[in-house]
Amino acid sequence: MNEENVEVVRRAVMSQAYAEAQEMLEEAESEAESLRQDAEREAESEPAALLQEARRKAETLREEAMAEAQIRAQQVKLSQRQELLDRVFATARRRLHSASDWPDYAQIVRRLAQESIERLDAQEALIRLDERTHEALGDQLSELLSSLEQETGVKLTVGEALQAGTGVVAQTPDGHRRYDNTLETRLARMEENLRAPVHRILTKGES
């Protein structure tokens, strides 16, 4: 190959190399431009993304605050309900002290005594009453016990007066077993089941 041919080949190689280099440069420039545009779009969208994120966080905080407020409101509502019911039952317990003034109190005492005797389930029992109940029954007490003895077959004796409570307590003569059927104790036994219906009555018509 003479010098002329060598020069032709050299030029061809250089031309191809230049073309490839140019193509690579153009590709690099195109890629760089694409990256620049992406960067610009990202930069332009960043404030929107930040705003969207801020709104999302604000909505989350709002929902959390609402949930917490609802929980607190429910707690306050339950606390007020508890306080209201406590006052109602406290008033009811205070009114039991005047039960001996009720016109049907003798019949009530009879039922209390009969139930306490049956629950005690003994052959002999002491019937203990509070002082106000003693006074309210008067001469009827002996008749009441005699009638209950015939019905139950249990020997009944009047025991010591109750120091607390209104109504009847039956106990075995040795004191090992007793059944407290005073009005206060009966109310305490029933209170848990009464609280819901009492609350419905007190709040009837409220939204």
Side-chain angles (χ1 to χ4, degrees), residues 68-207:
E68 184 177 355
Q70 290 175 351
I71 292 173
R72 289 182 178 177
Q74 184 66 14
Q75 290 173 339
V76 170
K77 182 178 179 180
L78 291 175
S79 177
Q80 291 176 340
R81 170 183 172 176
Q82 183 74 19
E83 182 179 351
L84 175 62
L85 290 173
D86 287 345
R87 292 208 313 267
V88 168
F89 283 100
T91 300
R93 281 189 290 271
R94 287 194 300 271
R95 291 182 177 178
L96 292 178
H97 296 306
S98 62
S100 58
D101 297 329
W102 300 346
D104 59 344
Y105 189 59
Q107 289 76 22
I108 292 174
V109 173
R110 182 177 184 20
R111 290 197 298 271
L112 295 176
Q114 183 175 8
E115 182 178 3
S116 62
I117 293 167
E118 292 173 352
R119 293 298 184 92
L120 188 65
D121 192 21
Q123 296 300 313
E124 186 175 353
L126 297 179
I127 301 298
R128 302 181 60 192
L129 312 171
D130 61 285
E131 291 289 354
R132 290 176 64 89
T133 297
H134 267 288
E135 295 174 2
L137 293 178
D139 296 337
Q140 297 181 67
L141 179 57
S142 297
E143 297 176 6
L144 184 149
L145 294 183
S146 177
S147 174
L148 288 175
E149 280 185 334
Q150 293 179 4
E151 290 183 11
T152 63
V154 178
K155 182 179 179 180
L156 303 176
T157 305
V158 178
E160 294 182 3
L162 297 175
Q163 299 303 310
T166 304
V168 178
V169 171
Q171 67 180 55
T172 56
D174 58 13
H176 289 169
R177 291 160 54 202
R178 70 195 301 268
Y179 186 81
D180 186 340
N181 212 22
T182 58
L183 297 177
E184 291 82 359
T185 299
R186 288 176 63 87
L187 179 60
R189 287 197 292 259
M190 299 167 60
E191 183 172 339
E192 187 61 31
N193 292 330
L194 286 174
R195 294 181 81 85
V198 168
H199 182 261
R200 284 196 294 270
I201 293 172
L202 293 174
T203 58
K204 186 176 180 180
E206 293 184 5
S207 57

- request: Please test L141 against L129 for side chain to side chain contact (heavy atoms under 4.5 Å, CB included), starting from the C-alpha separation and ending with a verdict.
  value: CA-CA 10 Å; L141 179 57; L129 312 171; 3.5 Å; yes
field: E184 side chain near H97 side chain, heavy-atom distance below 4.5 Å
entry: yes
query: Do K155 and Q123 have side chains that get closer than 4.5 Å, going by heavy atoms?
result: no
message: On a heavy-atom basis, which atom in D130 and which in G167 lie closest, and how many Å separate them?
response: OD1-N, 2.7 Å
message: Any heavy-atom pair between the side chains of T133 and L162 that's under 4.5 Å?
response: no
message: Pair E115, V168 - check side chain to side chain contact (heavy atoms under 4.5 Å, CB included), show working.
response: CA-CA 10 Å; E115 182 178 3; V168 178; over 6 Å; no
4.5 Å side-chain heavy-atom contact, D86 and R195: yes
query: For D139, does the CG atom have more than 12 heavy-atom neighbours from other residues, nucleotides or ligands under 6.0 Å away?
result: no
- prompt: Near R119 CZ, under 6.0 Å, is it more than 12 heavy atoms from other residues, nucleotides or ligands?
  reply: no
message: Nearest 0.5 angstrom please: L148 CG to L156 CG, how far?
response: 6.5 Å
message: Within the 4.5 Å heavy-atom criterion, are N181 and R189 side-chain neighbours or not?
response: yes
- prompt: Can you name the nearest heavy-atom pair linking V154 to A125, along with the distance?
  reply: CG1-N, 4.0 Å
query: Side-chain contact, heavy-atom cut-off 4.5 Å: Q140 with V109?
result: no
- prompt: Which value, rounded to the nearest 0.5 Å, describes the distance between L126 atom CG and E124 atom CD?
  reply: 7.0 Å
- prompt: If you look at every heavy atom in Y105 and A136, which pair is closest and at what distance?
  reply: CD2-CB, 4.1 Å
task: Could you tell me whether the side chain of S116 and the main chain of A113 form a donor-acceptor pair under 3.5 Å?
output: yes
message: Please determine whether side chain to side chain contact (heavy atoms under 4.5 Å, CB included) holds for the pair R93 and E191, giving the CA-CA distance in whole Å, both sets of side-chain angles, and the decisive distance to 0.1 Å.
response: CA-CA 11 Å; R93 281 189 290 271; E191 183 172 339; 3.3 Å; yes
Approximate separation, where rounding is to 0.5 Å, of T185 OG1 and M190 CE: 12.5 Å
- prompt: Can you tell if the side chain of T172 reaches within under 4.5 Å of the side chain of L120, non-hydrogen atoms only?
  reply: yes
- prompt: Where do R186 and L112 land on the side chain to side chain contact (heavy atoms under 4.5 Å, CB included) test, with the steps shown first?
  reply: CA-CA 10 Å; R186 288 176 63 87; L112 295 176; 3.3 Å; yes
- request: For A161 and R128, work out which heavy atoms get closest and say how close.
  value: O-NH2, 3.4 Å
statement: Interatomic distance, CD1@I108 vs CZ@R110, rounded to 0.5 Å, equals 13.5 Å
field: Student check: side-chain heavy atoms of R132 and D101 closer than 4.5 Å
entry: yes
Donor-acceptor pair between T91 and R94 side chains, under 3.5 angstrom: yes
